[in-house]
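Reviewing the structure listed below.
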Amino acid sequence: MVRAKKHLGQHFLRDEGIAKRIVSLLDSDCRSALEIGPGTGVLTKYLLEREALELHAVDLDTESIRYLQQHYPTLKERIYEADFLRMDLSMITPPFCIIGNFPYNISSQILFRVLDLRDQVTQVVGMFQKEVAVRVTSGPGNKDYGILSVLLQAYYDAEYCFTVDEHVFDPPPKVKSGVLVLKRNEVEKLPCDEALFKKVVKTAFNQRRKTLRNSLRGMLGEKEIPEEFEMERPEQLGVEAFIRLTQYIAQ
């Protein structure tokens with residue numbers, strides 16, 4: 001049996017019904033998928049039931065890797081002992097989907113890597129700490145709306161699916177969990193400098209209590225911020241507004 005390791009942020013899901021429900025959220029036309037942090041294989045076994053799906057799995061836990069190789073021999077050559085945040089993904093045929101009960105201590109970093117892989121990753125189905133899942137799916141005007149909300153929603157449609165209670169995990173986490181789905185939208189490239197867009201969003205939210213006129217002063221140089229943004233705070237702007245602001249700063 002695999003022991004959950006605190007330093008890896010492991011909380012193993014023990015509810016088979018929830019596992020099936022998470023796997024059911026993966027698009028039926030997904031042909032290639034990467035499972036992050038499979039642990040004891042609670043999702044893996046249901047993913048392997050999809051005959052048309054080429055499944056890959058990555059985990060940092062040597063004990064989990066050995067367990068999965070023994071219990072799912074058909075997957076043996078496609079189980080990688082590696083760090084998803086740094087691993088080479090050339091062995092996975094794009095486009096591909098990502099699924100998993102993600103380690104809560106690196107869940108935001110996983111999503112930032114998804115952003116870097118947005119031309120390859122068509123869908124993400126994942127279990128996160130509830131507050132992270134809520135943040136990703138929040139819209140303008142909500143206190144949870146932030147950097148991840150804007151950057152991900154620029155390229156993905158985000159949906160909060162359901163909440164999972166603590167008692168269905170071993171060991172139980174101290175927080176509730178949330179399952180969300182990200183689906184790649186039709187935006188191939190933003191109509192602005194994408195690196196500058198990311199910088200504008202991060203700069204604005206890093207001083208979210210300030211008006212944009214003050215938080216972006218260093219990026220505006222000698223220019224005055226457009227009147228429509230003058231007294232706004234970052235949580236009031238949607239993706240399109242941030243794009244317009246980026247275009248103005250770039251001029």
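Here the structure is a predicted model, which is why all the values come from computation and not from measurement. Throughout, residue positions are numbered sequentially from 1 according to the sequence presented. What you see below is based on every heavy atom in this structure, not just the backbone, and it leaves out hydrogens, waters and symmetry mates.
Under the 4.0 Å criterion applied to side-chain N and carboxylate O atoms, Arg184 and Asp157 are not assigned as salt-bridge partners. Between Glu16 and Lys45, at least one side-chain nitrogen of the basic residue sits less than 4.0 Å from a carboxylate oxygen of the acidic one, meeting the salt-bridge criterion.
Stacking of Lys223 on the aromatic ring of Tyr248 is recorded, both the 6.0 Å distance cut-off and the 45° axial limit being met. In this structure, Lys176 forms no cation-pi arrangement with Phe162, as its terminal cationic atom is not both closer than 6.0 Å to the ring centre and no more than 45° off the ring axis.
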>> Applying side chain to side chain donor-acceptor pair (under 3.5 Å) to Glu35 and Thr44, what does each step give before you reach the verdict?
In response: CA-CA 8 Å; Glu35 184 184 359; Thr44 313; 2.7 Å; yes
> Are Glu188 and Arg118 close enough, and set up right, to give a salt bridge (Lys or Arg N to Asp or Glu O under 4.0 Å), and what steps lead you there?
Replying inline: CA-CA 9 Å; Glu188 292 184 13; Arg118 59 186 177 270; over 6 Å; no
> Passes side chain to side chain donor-acceptor pair (under 3.5 Å), Gln129 versus Ser107? Steps please.
Replying inline: CA-CA 8 Å; Gln129 185 174 327; Ser107 57; over 6 Å; no
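A heavy-atom distance below 4.5 Å is found between the side chains of Arg113 and Leu89.
With hydrogens and angles ignored, the 3.5 Å screen pairs no side-chain donor or acceptor of Thr137 with any backbone N or O of Ala158.
Under the 3.5 Å distance criterion, with hydrogens and angles disregarded, no donor-acceptor pair is assigned to the side chains of Gln153 and Tyr145. At a cut-off of 3.5 Å, with distance as the only test, a side-chain donor of Ser177 or Tyr104 sits close to an acceptor on the other residue. A donor and an acceptor atom, one from each side chain of Thr211 and Asn214, are located under 3.5 Å apart.
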